[in-house]
Amino acid sequence: MAELPVQRIRVAVEAPQHSGLSGPLDYLSERALAPGSLVRVPLGRRELMGIVWPGEPDGGAEAAALRPILAELDGLPPLSASWCQLVEFAASYYQRSIGELALAVLPPQLRELDNTQLRARLKKLGKFLASPAEAQGSAPEAEEAPAGRPTLSPAQQQVLDELDALLDAARNSAPAPVLLYGITGSGKTEVYLRAAEHALAQGRQVLVLVPEINLTPQLEARFAERFGGSAASGGAAHRIVSLHSALTPAQRLRNWLAAHLGEADLVLGTRLAVFASMPRLGLIVVDEEHDPSYKQQDGARYSARDLAIYRAHQEKIPVILGSATPSLESWQRANEGRYKRLLLPGRIGGGALPRVRLFDMKRMPLSKGVTTALTTPLLDALRLRLERGEQSLIFLNRRGYAPVLHCAECNWKSDCPHCSAWRVFHKGDRTLRCHHCGFTERVPSACPSCGNQDIAPLGRGTERLEEQLQEQLPGARVLRIDADSTKHKGELEAQLAAVHSGEVDILVGTQMVTKGHDFRRITLVAAVNPDGALFSSDFRAPERLFALLMQAGGRAGRDAEAAARSEMWVQTWHPEHALYQALKQHDFEAFAKSQLAERESAGLPPFAHLALLRAEGRTVEAAQGFLKAAAAFAQAMPEAQGCLVYPAIPMSVARVANVERMQMLVEAGSRGALQRLLWHWMPELHALKREHKGLLRWALDVDPLAI
DNA sequence: AGCACGCCGACT
DNA sequence: GTCGGCGTGCTC
């Protein structure tokens, strides 16, 4: 037998960008290995999982220095070339190493397996797949009996026809991304379902992305009901799996394997699912595409929505972005004709949107002893709902009892010793809690500074609002839902069930309650203090506020019969503000137009492209010194032509857990210009870190959401 | 990132 | 005497 030459194999291993091992590494193997295969390789004294990466070995290292591949995980089909391409694109776009990103988006448990363990998992998966779909718990049971396929509204039919036409026209090229624009209750989900049916009927897999899985149980239930194998689905049962971080490691691996092996037809998941390996992928749906949680906020800061668009383009498959309040990025691309905008006007069943009423706080009589949040007209409106047996939702985006405790005598305030932020007063457990670093103390009975007994809460959070409602409306059943009331497993579900079953008259909550849930009996939604976002230094704050208020308003009047008398109240000191005026008319388009005009004249996204360099140091000087050196270097780079580096500024909460945080914005006219700058800048940033001793860490955020 | 090596301060 | 602090350097 002829001796086979030992060959170089390119392997992506989990080594971060700044380790000097930026690209895939070369190893030796006696046999050829298919790109996308999982292998175990030595790295230093460690032994890691790696992925045989497509492309030529770079030959950078001396052949004599190469080490052999230890083992191949041979029970799995290799990851596809297009999966590798997606990862490679994401790594380069968000400035991370290929291996770091590739391994980070695989199920954590897969990294630990050897061939024996893998075979055991696959065997278990086989059993799981053989069991009836209903018993798998991969999706919640539908609440109502399966209703089969509802008749499409003319608008839905038209949207689907246009979708068909789009796919026909695309043929061998990538169809344009579809922006499905329709208000809450307009029937977007049914469009997703029909599009999914279409793809499944052609033997393809479907990927559905949702912002947060526990906030969208209804969407999950709709898919499970339609495709989960019940008689009503009318055809072959399809396998649905979910992928999100709340799964146990074993479930996550199992579901990932089911997708990778092509056994799962539908994958429903959060942003991490955009990297699911799906060999037969035929459709991607991104629900609530504007939602900020599609942007990963640490590690590789990728946007799952943007990557979904890339992936669909690369695989030449349709992608549907759905929203009642699209991101201005997507809206602008639709304006430019790069996305196909499809509209679902009105609500299914002709239900009206709640009437929006703006209450000018400047004209409100201030009644003694009652804080201004619960105005007399609002209390009257709540009483009216109580009499009618209807529910109300009060939205206040601030948890806790009061954002700060204050001593009238010496002006002491409940600041956090470790952060530049106030500690929030939580009355329920009598604590002062820092929402940034978690530092918690029992609330003092007297002022810690001067001993004065008379320390008072300033401002209000959901806890206080709940208490005041109970005082003002004795007998009303008030329930608060926020991160504090739902921190234990199952509490959110239990509280939502209480609302659905009518055990609650008034629901108080943070933005948590504005997402996803259909509350059939709510006829009044009130935002008591939303003005903060109007004057935020973050240019995206108005966009988020508008989406939040539209979404909150959408909670009311889902029941057509109640819709006519449903109202959304906004208590504001600025009723004349364009945002509220647009909200009053339910006019997203007018809002988007005015915002886009502002963005264009200010040179902000989507008309410019941003990256944010953040630095954390023991001292302000350390963080600032690093950013200043980085800026000086960038300004001298020829590749920075046409890019603007802004001065470093402290982050809005400048100090967290005794770490000083600064940030610096980089603006470019095009993606290409920004990428060029970043590619030449990054190596220097790694080098600079060594020179700035007090610098703890730095991070680059490409296309940052919040600035 | 891990994980070594390496060179200085307070403990059984 | 050594245990351990984290600075510096390396990994195909």
Side-chain angles (χ1 to χ4, degrees), chain A residues 5-73 84 87-88 90-92 94-113 249 272 275 296-302 613-619 621-623 625-626 657-659 682-701:
Chain A
V6 174
Q7 46 191 299
R8 275 182 188 246
I9 304 273
R10 206 170 169 236
V11 179
V13 295
E14 195 175 6
Q17 186 87 304
H18 55 271
S19 58
L21 312 172
S22 46
L25 306 178
D26 290 353
Y27 286 86
L28 297 175
S29 170
E30 288 175 11
R31 24 188 220 103
L33 292 168
S37 306
L38 297 174
V39 290
R40 300 223 126 242
V41 292
L43 181 69
R45 244 135 293 225
R46 292 177 296 161
E47 194 190 307
L48 305 167
M49 179 75 73
I51 302 170
V52 176
W53 208 254
E56 290 305 306
D58 67 2
E62 295 288 324
L66 298 190
R67 300 170 73 183
I69 285 174
L70 299 171
E72 184 196 355
L73 215 57
C84 293
V87 166
E88 196 162 329
S92 99
Y94 296 104
Q95 302 289 327
R96 314 295 295 201
S97 81
I98 290 174
E100 181 195 10
L101 185 63
L103 276 301
V105 300
L106 292 178
Q109 235 181 34
L110 187 62
R111 297 205 288 265
E112 315 302 325
L113 298 186
L272 61 89
F275 289 107
Q296 173 89 21
Q297 283 307 327
D298 47 53
R301 295 168 172 259
Y302 61 85
L613 184 61
R614 293 200 178 88
E616 300 187 357
R618 264 184 260 281
T619 61
E621 291 69 31
F626 170 79
N658 291 321
V659 170
M682 288 295 277
E684 180 65 16
L685 295 180
H686 294 301
L688 272 178
K689 182 176 192 290
R690 297 157 169 269
E691 297 167 26
H692 291 262
K693 292 300 168 204
L695 183 75
L696 293 170
R697 49 188 163 261
W698 63 271
L700 183 75
D701 191 346

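We name chains A, B, ... by the order of the sequence lines, and we start the count at 1 in each one.
Looking at A:R111, its side chain does come within 3.5 Å of a backbone N or O of A:L103 through a donor-acceptor pair.
A straight line from NE2 of A:H692 to P of C:dG7 spans 17 Å, rounded to a whole angstrom. Going from atom CD of A:E14 over to atom P of C:dC10 covers 22 Å, rounded to whole Å. The nearest whole Å value for the distance from the CZ atom in A:R690 to the P atom in C:dT8 is 9 Å. Atom CG of A:L696 and atom C1' of C:dC6 are 13 Å apart (whole Å). Put simply, NE2 on A:H686 is 18 Å from C1' on C:dT8, counting in whole angstrom units. Note: CZ (A:R618) to P (C:dC6) measures 9 Å, nearest angstrom. In this structure, CD of A:E47 is placed 14 Å from C1' of B:dG2, rounded to the nearest angstrom. As a whole-Å value, the separation of A:L48 CG from B:dG2 P is 9 Å.
Scanning for side-chain contact (heavy atoms from CB on, under 4.5 Å) contacts around A:Q109 gives A:R121, A:P249, A:A250, A:L253, with sequence neighbours left out. Contacts of A:A15 classified as side-chain contact (heavy atoms from CB on, under 4.5 Å), with partners at least two apart in sequence or in another chain: A:V13, A:S19, A:L21.
How far CG of A:N658 is from OG1 of A:T619: 12.5 Å, rounded to the nearest 0.5 Å.
Counting any heavy atom pair closer than 4.0 Å across all strands shown, A:P24 reaches no nucleic acid atom.
For A:R45, taking side-chain heavy atoms from C-beta onward, the closest of the listed nucleotides B:dG2, B:dA4, C:dC12 is B:dA4. Residue A:L25 places its side chain closer to C:dC12 than to any other of C:dC12, B:dA4, C:dT11. Closest contact between the side chain of A:R46 and the listed nucleotides C:dC12, B:dC3, C:dG9 involves B:dC3.
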